[in-house]
Amino acid sequence: MNRVLITGGAGFLGSHLCEKFISENFEVICMDNFITGSPDNIAHLFGNSRFQFVHHDVTNYIYVEGKVDFVLHFASPASPLDYLKLPIQTLKVGSLGTHKTLGLALAKKATFLLASTSEVYGDPLVHPQSEDYWGNVNPIGVRGVYDEAKRFAEAMTMAYHRYHNLNTRIVRIFNTFGPRMRLCDGRAIPAFITQALNNEPITVFGDGLQTRSVCYVSDLIDGIYKLLLSSENEPVNIGNPDEITILDLAKEIIELTNSKSEIVFKDLPEDDPKVRQPDIDKARSILGWEPRVSRREGLIKTIEDFKKRLKM
Ligand code: NAD
Ligand code: UDP
């Protein structure tokens, strides 16, 4: 039986990954320190004989007994609000945490997969973003703690691949949403849904004309699984190219929730990317993957989950 270690396994994406690997008959070791995650996300997996939880900060030496076939490094604050509050932890988990998880993968002769991000492209000057674009990142700006940690993590992963011949994967994840995102996580979709369901003002930053392209979580998990089982060592974008302005996204959420909320405009955060859209030709051609769930369908499922958690 294959054994996989998932760091950040009690977070939004990590918990969906734990479920996916359990359903594919893997043994799953979920490692997390709950800095932005929660035991609630994995409570339903406790009691499964193929699921094990280890409370650990992965910036420290990682010890795992027995064999490990795959290491997926997902631990990191991911919401801009979180990494602005936790700048040093974010830099440490992207740098030291990546080093520790790569070291473990090497010792166990495991395949390593890094959760990277569209943020490595920064505020992009090329649109849409393909994997060969090197990005436009402000290293000393407030978002630099996340962007540069992930860029370092990619460089470290490629160094282990080239120097140690480690089998590695890098997924560049574009904005993904779905059930289990924290109600007040601060990212646009959870913020707008919570505000809309409570009939509170919807906080659009700037003029709302900046764009994002949002992917439903089940599509992302499917793409990551396919990438892991492929033989591609260089970065692959996974995301949904369906691009929308943040203002239109807010309006769509108001409509889908039948909300009475009004839109209020707040200051645009520093270095907020003006546009973002993945070029997914590479994922299409080498993984035979593309997203299947529309934004609307995904939002409806996410709103249902938020209603349950808000006890509505
Ligand atoms: P999340 O905050 O829900 O999950 C991150 C998890 O990592 C949390 O459970 C947190 O407690 C854990 N963690 C953080 N530091 C840790 C440490 N030092 N030791 C152990 N555990 C630690 O965020 P998410 O949206 O699920 O993101 C997961 C990963 O995917 C992150 O690496 C993020 O950069 C990447 N990513 C996510 C998105 C997205 O749209 N959701 C986009 C790009 C990249
Ligand atoms: N945003 C917003 N209101 C909010 C939260 C976010 O207008 O309450 C904007 C944010 O400025 C950015 C976009 O929505 O332009 C996406 O933000 P998010 O935090 O979801 O992810 P990012 O892609 O910036 O990492």
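Read the numbers this way: they start at 1 and go in the same order the structure lists the ligands and their atoms. None of these values were measured; they are calculated from a predicted model.
Scanning the protein heavy atoms around atom 9 (O) of ligand 1, the nearest turns out to be Asp32 OD2, 2.6 Å. From the protein, the heavy atom lying nearest to atom 15 (O) of ligand 2 is Asp272 OD1, 2.6 Å. From the protein, the heavy atom lying nearest to atom 30 (O) of ligand 1 is Leu13 CD1, 3.6 Å. Counting protein heavy atoms only, atom 18 (N) of ligand 1 is closest to Asp57 OD1, 2.9 Å. Scanning the protein heavy atoms around atom 21 (O) of ligand 2, the nearest turns out to be Asn175 ND2, 3.4 Å. From the protein, the heavy atom lying nearest to atom 3 (N) of ligand 2 is Thr203 O, 2.6 Å.
With a heavy-atom cut-off of 4.0 Å, Phe177 does not touch ligand 1 at all. When non-hydrogen atoms are compared, ligand 1 lies under 4.0 Å from the backbone of Phe74 as well as from its side chain. In Ser79, neither the side chain nor the backbone holds a heavy atom less than 4.0 Å from any atom of ligand 1.
Side-chain contact, Arg276 with Asn175: a donor N or O sits under 3.5 Å from an acceptor N or O. With 3.5 Å as the limit, one finds a donor-acceptor pair spanning the side chains of Tyr121 and Asn237. Side-chain N/O atoms of Glu154 and Ser116 include a donor and acceptor closer than 3.5 Å. A donor-acceptor pair shorter than 3.5 Å cannot be found between the side chains of Gln195 and Ser261. For the residue pair Asp271 / Asn138, a side-chain donor-acceptor distance below 3.5 Å is found, with atom types taken as modelled.
A heavy-atom separation below 4.0 Å is found between Pro80 and ligand 2. Ligand 2 is never approached by Met181 to a heavy-atom distance shorter than 4.0 Å. By the 4.0 Å heavy-atom criterion, Gly208 is excluded from the residues contacting ligand 2.
The side-chain hydrogen bond (donor to acceptor under 3.5 Å, both in side chains) test with Glu232 is passed by exactly one of Arg169, Lys282, Lys226: Lys282.
Geometrically, Lys20 engages Tyr225 in a cation-pi contact, judged by NZ or CZ lying under 6.0 Å from the ring centre and within 45° of the ring axis. Arg143 forms no cation-pi arrangement with Tyr146, by the criterion of a distance under 6.0 Å to the ring centre and an angle within 45° of the ring axis.
For ligand 1, the atoms closer than 4.0 angstrom to any heavy atom of Asn175 are 40 (O). Close contacts of ligand 1 with Ile35, meaning ligand atoms under 4.0 Å from a residue heavy atom, involve 10 (C), 11 (O), 13 (N), 14 (C), 15 (N). Near Tyr146, meaning under 4.0 Å from any of its heavy atoms, are these atoms of ligand 1: 33 (C), 34 (O), 36 (N), 43 (C), 44 (C). Near Phe34, meaning under 4.0 Å from any of its heavy atoms, are these atoms of ligand 1: 11 (O). The atoms of ligand 1 that sit less than 4.0 Å from any heavy atom of His56 are 19 (N), 20 (C). Counting the atoms of ligand 1 from 1 in the order shown, those under 4.0 Å from a heavy atom of Gly37 are 8 (C), 9 (O), 10 (C), 11 (O). Atoms of ligand 1 lying under 4.0 Å from at least one heavy atom of Ala10, given by number and element, are 9 (O). Heavy-atom proximity to Lys150, at under 4.0 Å, picks out these atoms of ligand 1: 31 (C), 32 (O), 33 (C), 34 (O).
Note: no N/O pair closer than 3.5 Å links Asp82 and ligand 1 by distance alone. At under 3.5 Å, a nitrogen or oxygen of Arg276, whether backbone or side chain, sits near a nitrogen or oxygen of ligand 2. An N or O contact shorter than 3.5 Å links Phe205 to ligand 2 by distance. Residue-to-ligand polar distances keep His73 apart from ligand 1: every N/O pair is separated by 3.5 Å or more. Where the criterion is an N or O separation shorter than 3.5 Å, residue side chain and backbone included, Thr117 fails it with respect to ligand 1. At under 3.5 Å, a nitrogen or oxygen of Ala188, whether backbone or side chain, sits near a nitrogen or oxygen of ligand 2. Ligand 1 has an N or O atom lying under 3.5 Å from an N or O atom of Asn33, backbone or side chain. Where the criterion is an N or O separation shorter than 3.5 Å, residue side chain and backbone included, Ala75 fails it with respect to ligand 1. For a threshold of 3.5 Å applied to N or O pairs, the pair formed by Gln210 and ligand 2 contains at least one separation below that value. Taking distance alone, with nitrogen or oxygen atoms compared against 3.5 Å, Pro77 stays at or beyond that limit from ligand 1. Any N or O atom pair closer than 3.5 Å counts here, and Ser118 shares no such pair with ligand 1.
Counting heavy atoms of neighbouring residues, nucleotides and ligands inside a 6.0 Å radius, atom NE2 of His127 exceeds 12 of them. With a 6.0 Å radius and a threshold of 12 heavy atoms from other residues, nucleotides or ligands, Arg292 has its CZ atom at or below the threshold. Summarising the local packing, NZ of Lys274 is surrounded by 12 or fewer heavy atoms from other residues, nucleotides or ligands at distances under 6.0 Å.
Here the shortest heavy-atom distance to atom 44 (C) of ligand 1, taken over Gly11, Ser15, Gly14, Ser116, belongs to Ser116. Among Ala78, Ser76, Gly8, the residue whose heavy atom lies nearest to atom 5 (C) of ligand 1 is Ser76. Residue nearest to atom 25 (O) of ligand 2, selected from Lys266, Arg143, Arg187: Arg143 (by heavy-atom distance). Nearest residue to atom 19 (N) of ligand 1 from Val93, Leu86, Val58 is Val58 (criterion: closest heavy atom).
The aromatic rings of Tyr216 and Phe177 sit perpendicular to each other, their planes meeting at more than 60°, with 30° as the lower class boundary.
Counting only heavy atoms from C-beta outward, the side chains of Phe174 and Cys215 never approach each other to under 4.5 Å. With a 4.5 Å cut-off on side-chain heavy atoms, Asp242 and Ser213 do not count as touching.
A distance-only check finds a donor-acceptor pair linking the side chain of Asn198 to the backbone of Thr194 [under 3.5 Å]. Within the 3.5 Å criterion, the main-chain N or O of Pro241 finds a donor-acceptor partner in the side chain of Gln277.
Using a cutoff of 4.0 Å between basic side-chain nitrogens and carboxylate oxygens, Arg309 and Asp305 are scored as salt-bridged.
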Stepwise, does the side chain to side chain donor-acceptor pair (under 3.5 Å) test hold for Ser15 with Arg180?
CA-CA 9 Å; Ser15 64; Arg180 292 202 201 116; 3.0 Å; yes

